[in-house]
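Letters A, B, ... mirror the listed sequences (proteins, then strands); counts begin at 1.
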Amino acid sequence: MMAVVRKLLSPTDFRPIIPLVVKNSFSCTQFNEPFRAKDSSGLPTDLLRSYFDKGSIQEAQNLFDKMLHRDVITWTFMITGYNSCNHHNSAWTMFTQMLRHGVQPNAFTVSAVLKTCKALKALSCGKLAHGLAIKIGTQGSSIYVDNALMDMYATCCDSMGHARMVFEDIITKNDVSWTTLITGYTHRGDAYAGLRVFRQMLLEEGELSSFSFSIAVRACASIGSDILGKQVHAAVINHGFVSNLPVMNSILDMYCRCRCASEAKQLFCEMTQKDTITWNTLIAGFETVDFKESLCIFSRMMSEGFSPNCFTFTSVVAACANLAVLYCGLQLHGVIVRRGLDNNLEISNSLIDMYAKCGNIADSRKLFSGMPCTNLVSWTSMMIGYGAHGHGKEAVELFNEMVKSGIKPDKIVFVAVLSACSHAGLVDEGLRYFRLMTNYYNLAPDRDIYGCVVDLLGRAGRVEEAYQLIENMPFNPDESIWVSLLGACKAHKQPSMAKLAALRVLDMKPNKVGTYVLLSNIYAAEGNWVDFAGLRKLLRGVSNKKDAGRSWIELKDQVYSFVVGDRFVSSNEQGCEVLKLLIVHMKDVGYVPDLDCIPCP
DNA sequence: TTAGGGTTAG
């Protein structure tokens, strides 16, 4: 049999796929004598496990190196241990060494090494392990191997075909088999297929577990379907899983992602058991719909004695960014530093965004420059900050620096750099990046990218080019693209194109008051009083009035929000003074009010 | 000695 295995797994099979890291130079301070591990039920394997549990990988390797007799259990322990510490390259190395030492793997080994392949997303290695499983007769006889195989194929393949085939061949499926298949579909973005499998599982009275309910709820959340989510929630209640905290946390998350705020709050109040994840889920959920509420929940979390973690801080810092409350953000930054979380990558990224959105771009840059390590999100956040502050040149420089540092750009970073170019009038630079994206990085521009380029051309007055781009783009333009063109036509006084864009906007959003006003002004300017009157008549019938533009000022620990003619201005002395200063400053720098969109009395 | 699930950033 071993000859067959060796033939199947020749050394050349391993060489190019995964780098082999052989550790053979460890010093062993704890043990002076080599260990004899003829049977592996005793001390050495227990010690191996405890070392890996503690994360003392080197000690585990030292101990293993000292063992004179290593059997399949010992080798498998090492593979499993390396997997548990996320040292998957080392786990694979152990596996190859094991085969070279002539040790025959068993079902435990195969399922462990399949987990390694899954983590490394190494399909070729996984196929080798599959071949081995067939040769030694573990596929079809070990449910652990079958399930691990399915999981490996679901993770590493472009489609679910192989995973599905393994699943269909399993005669007695258990709860893990079902969950693995549902997870496979859901994690690759095919939540409906995952839910179909979940339904099939219920119909066939498959073994139920909290895992399968959690992933089914996740599938509903990923497609934003609270209708399906409520059905799964009902099934959770019917099958008695309401006392399972991970399941309830996932239901809470589903309601938040489906924007069912009242259902989320009700469930949260009804939950008798809560952990940090429960609070974090609610805080992150409200962070996208009600920033202020998100901060209030955070405050409650603290007062009820729960300790916030990096997930919590990332969400509340984002809430401060969206509220533009610098004072609050600064306080949080202080807490983050005091708790020693200031080197956390995700928190740092959210702080960069917060400082930029609160108007303090210098502190964003200071924080970014001081980060011990950065990722694509860090660079993108900084570029978006620069773009929003009108520093297009800095954003472009940062993009080039990022590429030099070896980070590969994605679509979002191109949105950031194109938007920065657009606001800074760097048209040719922006177009160069548009070409770079498609020609060099092979990234297909999506609707957002086209929107940026339309904006880039339009702001620079190249309205006809912008229109041609809209006409030739491979998507149906949405309302925002026509609004962008309309803004450009208005700024560069292109009435005929503006008329076309305005009519397109009204086709899609018939209640946009601003568009009616703008279009009627164009008619007035060309003396077309018939259409002007008709439009004004239509405007009176538009029920959905435009929301008044809202501004806010942060004074001490309070945020004052106000609209035109609001009583805030006259009732708040300090606020009034700030506004007076602002008006003087605006006039000093030459601001002339644009009254084009003010309706005639 | 083995397999599957829940919360973060642009």
Side-chain angles (χ1 to χ4, degrees), chain A residues 40-41 45-46 48-49 52 71-81 83-84 105-115 118 138 142-152 154-155 174-184 186-187 209-219 221 241 244-254 256-257 275-285 287 308-318 321 344-354 356-357 375-385 387 410-413 415-416:
Chain A
S40 299
S41 57
T45 44
D46 287 346
L48 276 181
R49 186 208 296 273
F52 279 119
D71 62 8
V72 61
I73 299 179
T74 329
W75 281 98
T76 306
F77 248 108
M78 290 301 288
I79 297 169
T80 308
N83 277 343
S84 69
N106 61 16
F108 289 84
T109 323
V110 175
S111 56
V113 84
L114 282 167
K115 196 174 181 180
K118 175 200 171 184
T138 54
S142 163
I143 188 70
Y144 289 94
V145 170
D146 290 343
N147 290 339
L149 258 178
M150 207 178 19
D151 197 25
M152 183 278 293
T155 309
N174 68 4
D175 59 322
V176 181
S177 319
W178 287 101
T179 309
T180 306
L181 193 67
I182 300 168
T183 308
T186 305
H187 282 180
S209 73
S210 56
F211 289 80
S212 51
F213 280 106
S214 288
I215 190 64
V217 173
R218 185 80 184 89
F241 283 93
N244 184 284
L245 190 54
V247 171
M248 297 317 286
N249 283 344
S250 62
I251 294 176
L252 184 66
D253 178 58
M254 180 272 295
C256 290
R257 286 180 196 267
D275 63 2
T276 307
I277 294 178
T278 318
W279 285 96
N280 286 351
T281 303
L282 197 68
I283 291 168
E287 191 273 306
N309 63 12
C310 54
F311 286 81
T312 326
F313 284 116
T314 306
S315 296
V316 285
V317 168
N344 177 278
L345 183 61
E346 286 77 21
I347 293 180
S348 298
N349 290 347
S350 61
L351 284 168
I352 292 173
D353 189 50
M354 185 274 291
K357 284 187 176 149
N375 65 2
L376 183 59
V377 177
S378 327
W379 292 82
T380 312
S381 305
M382 198 61 240
M383 277 178 232
I384 288 174
D410 67 355
K411 280 184 195 173
I412 303 176
V413 80
V415 168

Got a donor-acceptor pair under 3.5 Å from the side chain of [X] to the base of [N]?
| X | N | answer |
| --- | --- | --- |
| A/T380 | B/dG10 | yes |
| A/S177 | B/dG4 | no |
| A/N375 | B/dA9 | yes |
| A/T281 | B/dT7 | no |
| A/N174 | B/dG4 | no |
| A/N249 | B/dG5 | no |
| A/S250 | B/dG5 | no |
| A/D410 | B/dG10 | yes |

Check every strand shown and say whether [X] touches a base, only sugar-phosphate, or nothing at a heavy-atom separation below 4.0 Å.
| X | result |
| --- | --- |
| A/T278 | nothing |
| A/S315 | nothing |
| A/I412 | base |
| A/N309 | nothing |
| A/V247 | base |
| A/A107 | base |
| A/T314 | base |
| A/I182 | nothing |
| A/D275 | base |

Q: Could you tell me which residues satisfy side chain to side chain contact (heavy atoms under 4.5 Å, CB included) with A/A284, sequence neighbours excluded, listed by chain and number?
A: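 Only A/S315 meet the side chain to side chain contact (heavy atoms under 4.5 Å, CB included) criterion with A/A284.
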
Q. What pairs with A/S381 under side chain to side chain contact (heavy atoms under 4.5 Å, CB included), at least two apart in sequence or on another chain?
A.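 A/S381 satisfies side chain to side chain contact (heavy atoms under 4.5 Å, CB included) with A/I352, A/V377 once adjacent residues are dropped.
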
Q.
For A/R257 versus A/A221, what's the shortest heavy-atom pair and its separation?
A.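 Looks like CD-CB, 3.9 Å.
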
Between [atom2] on [N] and [atom1] on [X], what's the gap in Å once rounded to a whole number?
| X | N | atom1 | atom2 | result |
| --- | --- | --- | --- | --- |
| A/L114 | B/dT2 | CG | P | 15 Å |
| A/L181 | B/dG5 | CG | P | 13 Å |
| A/I251 | B/dG5 | CD1 | C1' | 12 Å |

By nearest atom, which of the nucleotides [options] is closest to the [X] side chain?
| X | options | result |
| --- | --- | --- |
| A/S111 | B/dT2, B/dT8, B/dG4 | B/dT2 |
| A/D253 | B/dT8, B/dG5, B/dT2 | B/dT8 |
| A/N280 | B/dG4, B/dG6, B/dT7 | B/dT7 |
| A/I277 | B/dT7, B/dA3, B/dA9 | B/dT7 |

**Q.** Between A/T109 and A/T76, a side-chain donor and acceptor under 3.5 Å
**A.**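 The criterion, which ignores hydrogens and geometry beyond distance, is satisfied for A/T76 and A/T109.
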
Q: Decide whether A/S250 and A/D253 meet the rule of one side-chain donor and one side-chain acceptor closer than 3.5 Å.
A: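 Not at all, the side chains of A/S250 and A/D253 share no donor-acceptor pair under 3.5 Å.
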
Partner residues of [X] under the side chain to side chain donor-acceptor pair (under 3.5 Å) criterion, sequence neighbours left out:
| X | result |
| --- | --- |
| A/T80 | none |
| A/D275 | A/N249, A/T278 |
| A/D146 | none |

Q: Check DNA chain B against residues 211-218 of chain A and give the residues with a non-hydrogen atom under 4.0 Å, in numerical order.
A: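 Going residue by residue through residues 211-218 of chain A, the ones with a heavy atom under 4.0 Å of DNA chain B turn out to be A/F211, A/S214, A/R218.
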
